[in-house]
Structures are given as C-alpha cells and as structure tokens.
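Because only heavy atoms are used, hydrogens play no part in the values below, and waters and symmetry mates are left out as well, while side chains stay in. The first residue in the sequence is number 1, and the count goes up from there.
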Amino acid sequence: MAGSRPTPNMRRPLPSPARPRPMPIPCSPSPDAPCLYRLQGLERLELGPPVLASSGTSPLPPGGPVVLSAGEWLGSGTFRNSLYLAPWRALSRVADLWLHLELQGEAVLRLMCAGPGQAPRVLRECLLGGADRAVQAVPLGLLADLPADGRLFWHLEARTELHLHEAQWATSTAPAVLPRLAVLQRTHGRSRDVQQQLRRFDQARMQSPAHAACLRRCAFWVLDASADAAAQWADEPLPGLDLRVLQGPNLGGGGNASLLLEAFLAREDTLEAGHRADEVLLLDDDGVLSAETLARHLALCAWRREDHVMSLPVLMRSQPLRVWEDGGFWGRDALSAAPGLPRRTLAPTLVRHGLLLEGFAHLDAFAPLNRVEYATFIFFGLPVSLLRRLGLPAAFFLRGDDIEWSLRAGALGVPVYTNPNLAAWHEPGHGYGQEYMAILHGAVINLVHSANGADEFLGFFEARLREHAALGDLAGLALYRQVVEDLLDPALPLLEGGFERHYLARLPAVGAPMPVLPAAELERLRARAREGQLRLLPWLYPGPVAAGDERPTVLWQEEAGRARALPEVSAHERLQALQSAIGSLLRLGAGLEACRNRWQARLRASGERGFWQARHAQHADAWRPQIGRAHV
C-alpha cells in the first residue's frame with residue numbers, strides 16, 4: 001500500500017493499528033435500498049495467466065467467497081475491476097449508482113475515485129457487515145454528480161474474519177429493455193479455440209447466477225469453415241448454451257463474417273418480433289474474454305441511449321498486460337476527432353498501442369470516453385436495427401473489413417466507441433501475406449472513404465518503395481508493386497463473386513517467409529545491433545536508411561519473435577525492381593479516377609445482403625446448417 005492507494009485484489013496485512021484512521025460513517029443496509037439492477041460485477045475467472053483478471057496479482061476465486069482474516073484488506077482498483085464512469089455517463093440512461101455487497105463479517109468500506117491527473121481520493125467511508133451473511137447497498141448518488149472521467153473502486157478492510165461473496169456496481173434506474181444478444185464467431189482451423197471459449201462461458205454460467213442470467217439472453221452462432229469441421233464438433237460435449245454450429249465454405253475471415261451475418265439475418269426474418277435478437281456481437285475465433293465482459297456489454301445495451309458501435313481494449317495473450325489496440329483512426333477525421341494525431345494515408349493509427357498496464361500508472365488513461373474512427377472484429381457490437389441499415393461487411397478475405405464497416409457507420413452518423421470496462425486478449429500476427437491484404441484493402445478504403453488527393457495517395461506508396469529499395473528488400477518492393485498492379489486490373493475478381501479464388505491463388509506467392517526465432521537468437525540479434533554490427537529494423541515500416549550504411553539488415557517483428565535477414569543484392573537488381581514498381585505507380589496515378597469509380601461501385605455492391613445471398617446460393621453444396629447439437 002503506497003500512500004492512500006491500496007494495492008487492488010490483494011490480501012495484505014494492515015499497517016500498525018496505531019496508524020490514525022478516519023472515523024467510519026454508518027451506511028444504510030439493503031432493506032432501505034430500492035430495487036437495484038446489476039451494472040458490473042467482479043472479474044473472477046482465471047483465463048490463463050493470473051494477470052489476465054487482476055493486473056499482476058492472483059485473480060479472485062471463480063467460485064465461493066473471498067475470505068479475509070481480521071487485519072487484511074482487499075481492493076478492486078485494477079484494470080478489470082475498476083468502474084470507468086465515462087461510458088455510463090455518456091451512453092446510457094442510468095441515473096444513479098450504488099455499490100451492492102454480499103458479505104459476512106465486519107469491514108470498513110472506502111469508496112474511492114481516481115482520474116487523469118488526479119490522486120485517488122475517498123468519496124465515502126462506512127462500517128458495514130455483521131455476524132450473519134447479509135446484503136448491504138451503499139449509495140453513491142447521481143451519476144451526473146460523479147466525475148465525468150472518473151474511475152471508481154472500493155477498498156474493504158476486515159475488522160473480523162470476512163467472507164465477501166459478491167460486490168456489484170448497480171443502479172435503481174430500471175433498464176429500458178432486457179435485450180437479446182446474438183454472439184457470432186466464424187473460424188477456419190481454430191475449432192478448438194472456439195470450443196474453449198464456449199466452455200469458459202458455460203463454466204461461468206454454472207458458477208454465477210448473474211452470468212447465468214446474462215447467458216440465458218444470448219444465442220451463440222458459430223460458422224466453422226474448416227475442412228474437418230464436422231469431425232471437430234462430432235464428439236465435442238457442447239455447453240448448456242443456445243448454440244448453433246454451421247459448416248460452410250471458406251471465404252476468409254471477412255467473407256465468413258458476412259456469410260454468418262446473412263445466415264443470422266435470414267433466420268431473424270422468419271421470427272416474430274418478440275423472439276428476435278436486439279443486439280449482435282462479432283467475436284474473433286482466437287480471442288479470449290470472460291462472461292463478465294459479456295455481461296457488462298449486455299448491461300450497457302440495456303440502458304443504451306442511442307445507436308453506436310461498441311468495441312473494447314485488446315491486450316496481447318503472450319503479454320497479458322500489454323495493450324495492442326483500443327480502436328484507431330484511419331486518418332480521414334483524425335485531426336478533428338483527436339487533435340495532435342497526424343493525418344495518415346492508408347496506414348491506420350492505433351490508440352494506446354504498446355501501453356503496459358503494470359501497476360497503476362496508466363489505468364486512468366482509459367477514463368475519458370474513447371471515440372474512434374474504427375473498431376476491431378475481435379469484439380464488434382451493434383444493434384440489429386443498425387446492422388440492417390449498415391449492410392454487411394465488404395468482400396475482403398482478411399484485413400480491413402472491420403475498418404471499412406466502421407467508417408461506413410461513421411458516414412451514417414453512428415459513433416464508434418471502445419469501452420474500458422470490457423477487455424479481450426488476442427495474439428497479433430502479421431506477415432507479408434497479411435500486409436498485401438492490409439495495403440490492398442487500405443487503398444480501396446481510401447479510394448472510397450477518404451478525401452485525400454492523388455498526391456497524398458501516391459505519396460504513401462512512394463515512401464514505401466523508397467524505404468524498401470534503400471534496404472535492398474526485393475520482396476517488399478514486389479509486394480507493393482503487386483498491390484498497385486491489382487488496383488489497376490479491372491479483370492481481377494476482387495469484391496465480386498468468386499473473390500476468394502483470387503486470394504487463394506495470390507497469397508502463396510506474395511512476400512517472403514519470416515520464421516519464429518528462439519528467444520536466445522533474438523537476444524543475440526539485439527546484442528549485435530547494440531554493438532553496431534547490423535541494422536535491426538521493423539519489417540513493416542523500417543524508415544529511412546542513412547546513406548552509406550552498408551551493414552547487414554535484419555527485418556523483424558519484435559512482438560511475434562519473427563525475423564528475416566535480407567540477402568545481399570546488387571545495385572542493378574535493386575534499381576530494376578524499383579523502376580518496375582515506380583512504372584506501375586505512375587500508371588496508377590494516370591488512371592486514379594477510373595480506378596476510384598470502379599472500387600466504389602464494387603465495394604458498395606459487396607456490402608449488400610443480395611451479394612451474400614448469392615454467395616450462399618453459389619456454395620449451397622458446402623453448407624451444413626447444424627453440425628452441433630443445440631441447447632435452447
């Protein structure tokens with residue numbers, strides 16, 4: 001415990017009893033409290049490494065109470081157990097706030113608040129509990145009177161042996177609706193990851209009445225495009241969830257998302273109004289999240305004030321305290337939406353990328369409401385009514401489909417947010433094949449959505465060509481040249497029927513392999529770079545190289561542990577590859593407006609339901625509508 005700030009989610013002996021303390025103020029017991037509705041509970045589930053649930057400390061037990069001896073304390077001020085007020089204040093109809101506790105034994109409760117640039121302070125202190133197990137509710141007053149960018153947490157100091165069964169933030173404001181949520185996942189080759197995530201939800205259903213109530217309002221849909229999908233699900237003991245597992249063709253992550261959304265909407269069209277879903281949530285197949293995140297998302301939907309798209313902070317599975325992304329800006333509105341961010345073309349600007357959530361230093365960075373230009377399909381939630389207005393994601397095989405869909409929502413005046421009360425863990429991966437799709441689709445997105453002129457558009461490619469040419473990275477030059485050639489080719493079946501065939505033919509030939517290296521080999525490369533023996537550069541955007549620097553070059557992806565040494569090439573080879581790429585770029589500049597018109601028309605058409613209904617009909621023989629047993 002440092003100063004007045006308790007270490008959260010840890011049991012710790014109290015300092016000397018001689019230390020002076022404020023006199024506790026009695027609080028009202030639960031019989032005097034109104035009917036309360038749960039907004040957010042404790043993150044209890046251990047999802048892998050212990051730090052996932054509690055930012056560096058042991059997680060709360062998944063079942064049963066937390067037991068404290070007299071003289072120990074427990075705090076909730078971690079990333080996963082703080083209550084960030086901004087989403088509730090700005091996006092919900094919630095009027096007041098309470099802390100609802102179920103406990104046995106006596107304790108001093110301190111309700112605390114922190115925020116950007118503010119030291120934690122005590123909002124209220126009270127003595128509560130008794131010999132018998134009981135529920136007590138502590139009012140915090142009107143939500144509008146609490147700090148707009150506040151982060152609330154509590155601190156319990158046991159006076160006797162204390163059993164804490166539950167601690168929930170709640171409100172007396174009745175929800176506008178009790179929404180039904182459709183949770184959609186698509187996978188290719190990761191059937192077991194999806195099954196493991198479903199088991200997490202099922203385990204939470206059995207351990208927590210609140211999570212069970214949430215999951216009863218959820219219908220889960222899985223589209224498995226794996227060749228062996230039927231075998232993968234044949235012997236799987238399916239959880240006690242409303243679950244539909246379908247098998248279909250592999251049209252890539254983006255294509256499969258739209259295939260699944262169309263199958264979902266087709267069934268919704270047959271249902272009576274009282275049985276239809278109100279909300280839809282897309283999840284990635286290898287992401288990790290808890291039932292508590294699902295419950296918190298569904299709770300905000302219940303008090304939703306207006307249509308919006310909601311996502312969340314994404315952290316790395318291999319480094320669970322490292323933020324990978326929290327939404328981002330494409331560049332079109334970056335200056336107006338977030339002053340200080342540079343205008344960018346093609347390359348997205350991630351928010352809070354690389355932030356390390358060790359201790360408390362960065363927790364309050366999440367307190368202001370985070371409105372972004374785009375969110376990720378790792379977790380992408382929206383009302384079904386908005387889905388019908390928006391259309392389906394574009395026919396991209398992978399990369400950029402979530403960005404384009406978000407920008408489409410923004411064009412309708414629908415804001416995109418990330419909610420810091422939610423979180424998911426996902427392992428990033430990127431190689432030359434993914435870079436080909438990211439840049440190709442990024443170019444199409446800019447041609448359709450951006451107001452950037454031709455010089456800025458072409459300048460992006462020029463800068464990439466210069467960087468890779470200076471390094472002698474012929475694979476990088478070939479990749480960007482291929483993107484430009486594909487943008488120019490009107491016969492290419494991109495964003496049209498059969499679009500998946502282009503990717504399946506192109507991707508194996510794009511770029512160069514980048515193997516995963518042992519940790520010792522990576523450290524050896526770092527040491528040689530520190531000694532000036534080689535250049536160790538980011539493989540994606542290596543940056544300019546000083547003239548005359550002839551050291552060997554290794555391109556690497558530090559977060560993924562991948563690296564590739566560049567082979568020596570002659571000046572003639574480098575210039576020849578650069579000349580070829582520049583020739584393609586000049587042709588793109590000359591035909592840019594015709595290119596823009598073609599991609600605008602194709603992108604618009606591929607987002608319509610009719611496009612995806614035709615894909616269903618085209619692949620009818622690959623569809624199996626039920627390969628798993630459903631529990632309804």
Side-chain angles (χ1 to χ4, degrees), residues 6 8-11 27-47 53-54 57-69 72-78 80-83 88 94 96-112 124 126-140 152-172 175 200-201 203-217 290-300 302 421-422:
N9 280 359
M10 291 186 68
R11 292 184 292 171
C27 69
S28 301
S30 58
D32 297 334
C35 179
L36 297 179
Y37 302 89
R38 183 186 196 269
L39 301 179
Q40 177 171 313
L42 291 172
E43 178 66 279
R44 286 176 173 266
L45 294 183
E46 182 174 344
L47 307 181
S54 51
T57 67
S58 298
L60 298 172
V66 180
V67 180
L68 303 178
S69 300
E72 292 184 328
W73 56 266
L74 181 74
S76 75
T78 64
R80 292 300 295 124
N81 278 316
S82 295
L83 176 70
W88 290 105
V94 167
D96 61 358
L97 200 61
W98 297 68
L99 180 63
H100 180 277
L101 299 161
E102 184 177 355
L103 71 168
Q104 183 175 4
E106 291 187 357
V108 173
L109 169 70
R110 295 185 184 93
L111 286 167
M112 306 181 74
R124 183 166 184 187
C126 54
L127 178 66
L128 44 73
D132 298 325
R133 179 173 174 175
V135 171
Q136 293 193 269
V138 185
L140 282 85
L152 298 187
F153 54 102
W154 48 260
H155 175 235
L156 274 176
E157 177 186 310
R159 290 295 179 88
T160 65
E161 182 173 279
L162 182 70
H163 292 230
L164 176 65
H165 294 272
E166 190 57 88
Q168 303 175 108
W169 300 101
T171 183
S172 69
R200 290 189 193 99
F201 292 148
Q203 182 182 35
R205 176 185 64 85
M206 296 183 288
Q207 292 171 341
S208 165
H211 293 160
C214 164
L215 292 165
R216 282 195 295 270
R217 304 200 68 79
S290 67
E292 177 59 29
T293 280
L294 206 62
R296 293 178 188 183
H297 174 67
L298 191 58
L300 187 58
N421 294 311
L422 317 177

Taking side chain as C-beta onward, heavy atoms only, is [X] less than 4.5 Å from [Y]?
{"X": "Leu128", "Y": "Leu103", "result": "yes"}
{"X": "Leu83", "Y": "Phe153", "result": "no"}
{"X": "Ser172", "Y": "Leu36", "result": "yes"}
{"X": "Leu39", "Y": "Gln168", "result": "no"}
{"X": "Arg124", "Y": "Pro139", "result": "yes"}
{"X": "Leu140", "Y": "Leu152", "result": "yes"}

Handout entry: Donor-acceptor side-chain pairing of Glu161 and His163 below 3.5 angstrom
Key = yes
Problem - Any donor-acceptor N/O pair, Gln40 side chain to Ser82 backbone, under 3.5 Å - result: yes
Practice task
Tell me, with the steps shown, if Leu300 and Trp88 meet side-chain contact (heavy atoms from CB on, under 4.5 Å).
Solution key: CA-CA 7 Å; Leu300 187 58; Trp88 290 105; 3.7 Å; yes
Rounded to the nearest 0.5 Å, what separation is found between the [atom1] atom of [X] and the [atom2] atom of [Y]?
{"X": "Glu106", "Y": "Arg159", "atom1": "CD", "atom2": "CZ", "answer": "8.0 Å"}
{"X": "Leu156", "Y": "Leu111", "atom1": "CG", "atom2": "CG", "answer": "9.0 Å"}
{"X": "Leu215", "Y": "Met206", "atom1": "CG", "atom2": "CE", "answer": "11.0 Å"}
{"X": "Glu43", "Y": "Thr293", "atom1": "CD", "atom2": "OG1", "answer": "5.5 Å"}

Problem - Stepwise salt bridge (Lys or Arg N to Asp or Glu O under 4.0 Å) test for Glu292 and Arg38 - result: CA-CA 12 Å; Glu292 177 59 29; Arg38 183 186 196 269; 2.7 Å; yes
